[in-house]
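What follows is a short report on a single structure.
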Amino acid sequence: MIKPISSWQNPNNHLEQLLTTPWYRALNKIFSQILLLTHDFYKTENITPTIFPITTGSVSSPFGLGSDSLPVKINIKNNDMYLADSMQFSLEIATRLNEKGAYYIMPSFRGENTDARHLNEFVHSEVEIKGDLNDVMSLAERYIKYLIRGLKDTCAKEIAEVCGTTEHLDNVLNKPFYKIRFEDAMRELSDMPDAFKELDKDLYAITSVGEHALVDKYGDFTWITHMPYKSVPFYQAKEAGTDFSMTGDLLAGIGETLGCGQRVLSSQDAINSLDEHNVDKSGYQWYIDMRNIQQVQTSGFGMGIERFILWLLKHNDIRDCTLLIRDHNKIIFP
RNA sequence: UCGGGCAUAGUUCAGUCGGUAGAACAACGGACUGUUAAUCCGUAUGUCACUGGUUCGAGUCCAGUUGCCCGAGCCA
């Protein structure tokens, strides 16, 4: 059996653990296979690889009533800017340059404190395609199953040595991912007061307790879709005729592993959404303009690779799932 | 980011009611033992995180700042 050693607790002694323990040897192999499989998968889908700057003036995360997520602010030559918290905006541009869409797999940066479910720098596998919510959800399902099949071929020994089984891989491959709308999940979990919290009057969001309850009930890789429009970022499209959004979160293991959404279509949709979410338009005029230059319906998803590995290895602390430790509250070598 | 806790010797921590700063381990010096070291004796530990306030007097009470820990939040 291979067990993690939690060497992130003492970053200055981490290097020896990294270089000498079977846990990190297995983790390294899994990471490299996921990279290879990701490129293979998108090649079969005819979706184009891209690469972008990691600094930006437009961050995508600090929006929505349900979010006080923080970008990582840096200062270069006296200019305040951010490290990318997501490449979604760049991918929306790249999708307009390519036939089907564009993907990217690189670190994203977040300003919250690290804990068992969060890293300050995580490997983000993101894609944006021409299409709607259904298209991107089915792409996500194909991607995850492609990864699982590939990892079964190449890393079954390592996975079995960590978890004692590879049964959870087969369970996922053998059935379609269960889908439940947010409003239906709320009704089904109405006897659990902690499953949802009220963000604002009559505006609710699911909690990690609620996510766990859904995973317990419907198994790993369960979709919760159509979150309340006001609780999601401005760039997510509104469902016609409802107060919900064209979004989906994919739950597995400890919780949200992948998030996806259909983007606002027209420049007027973008303006309305910025207003309804009370977001200052000055940093996002380009986002409005882009829809005037070329209006395309796009949708995309982002998956946290370490969170996927957490599920893959049936583990519960994401800090064990990175090769080089990063904690923005500390200076760490190497 | 919010809430709670903590900050005293190299380290781990005591410090009562506001009245001159304490222990253990580590370190250093010596003694002794047929010797990679143990044991015994001895020695020194310090901007009590920082700034200000209250007070005759602050490690102790109050305010602010900084740093760390725990919890929550957020997300992928």
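Both backbone and side-chain heavy atoms feed into the values below; hydrogens, waters and symmetry mates do not.
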SB check E112(A) R110(A) (cutoff 4.0 Å):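 R110(A) and E112(A): not salt-bridged.
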
Pair E167(A) + K314(A), salt bridge at N-O below 4.0 Å: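 Between K314(A) and E167(A) there is no salt bridge, as every charged N stays at least 4.0 Å from the carboxylate O atoms.
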
Sugar-phosphate, base or nothing in reach of L119(A), heavy atoms under 4.0 Å: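 Touches a base.
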
Touch class at under 4.0 angstrom, heavy-atom based, for H118(A) against every strand present: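 It contacts base atoms.
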
F52(A) ring center near F89(A) ring center (under 6.0 Å):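 For F52(A) and F89(A), the ring centres are not under 6.0 Å apart.
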
Sidechain-backbone polar pair: D135(A) side chain, D132(A) backbone, donor-acceptor under 3.5 Å: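 Between the backbone of D132(A) and the side chain of D135(A) there is a qualifying donor-acceptor contact (under 3.5 Å).
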
Dot-bracket notation for RNA chain B, counting Watson-Crick and G-U pairs under 3.5 Å, with | for partners on another strand: (((((((..((((.....[..)))).(((((.(...).))))).....(((((..]....))))))))))))....

In whole Å, what separates the [atom1] atom of [N] from that of [M]?
N: C13(B); M: G46(B); atom1: C1'; answer: 15 Å
N: A44(B); M: G22(B); atom1: C1'; answer: 15 Å
N: G19(B); M: G57(B); atom1: P; answer: 14 Å
N: A21(B); M: U45(B); atom1: C1'; answer: 11 Å
N: U8(B); M: A58(B); atom1: C1'; answer: 14 Å
N: U65(B); M: U1(B); atom1: P; answer: 12 Å
N: C62(B); M: U55(B); atom1: C1'; answer: 12 Å
N: A9(B); M: A14(B); atom1: P; answer: 12 Å

Provide, to the nearest angstrom, the distance between the [atom1] atom belonging to [X] and the [atom2] atom belonging to [N].
X: E128(A); N: A76(B); atom1: CD; atom2: P; answer: 13 Å
X: M227(A); N: C75(B); atom1: CE; atom2: C1'; answer: 12 Å
X: R319(A); N: C69(B); atom1: CZ; atom2: P; answer: 11 Å
X: N120(A); N: A76(B); atom1: CG; atom2: C1'; answer: 13 Å
X: R117(A); N: A72(B); atom1: CZ; atom2: P; answer: 10 Å
X: I318(A); N: C75(B); atom1: CD1; atom2: C1'; answer: 11 Å
X: H124(A); N: A76(B); atom1: NE2; atom2: P; answer: 6 Å
X: D115(A); N: C69(B); atom1: CG; atom2: C1'; answer: 14 Å

Test salt bridge (Lys or Arg N to Asp or Glu O under 4.0 Å) applied to E158(A) and R25(A), K29(A), K152(A), the passing residue: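 Answer after filtering R25(A), K29(A), K152(A): K29(A).
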
Residues touching RNA chain B, which here means a heavy atom under 4.0 Å, drawn from residues 244-260 of chain A: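 Here the set is E256(A), T257(A), L258(A), G259(A).
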
Working for side chain to side chain contact (heavy atoms under 4.5 Å, CB included), residues M290(A) and R96(A): CA-CA 10 Å; M290(A) 179 168 74; R96(A) 287 164 166 78; 3.6 Å; yes

Hphob cluster co-occupancy, Y218(A) + I254(A), side-chain heavy atoms under 4.5 angstrom: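 Not linked; separate clusters.
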
Within one Ile-Leu-Val-Met-Phe-Trp-Tyr cluster: F308(A) and L173(A), side-chain cutoff 4.5 Å: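 Yes; L173(A) is reachable from F308(A) via cluster members.
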
Whether over 12 other heavy atoms sit under 6.0 Å from K43(A) NZ: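 Counting neighbours around NZ of K43(A), 12 or fewer heavy atoms of other residues, nucleotides or ligands fall under 6.0 Å, so no.
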
Close side-chain approach of D40(A) to Y146(A), heavy-atom, < 4.5 Å: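 Yes, side chains in contact.
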
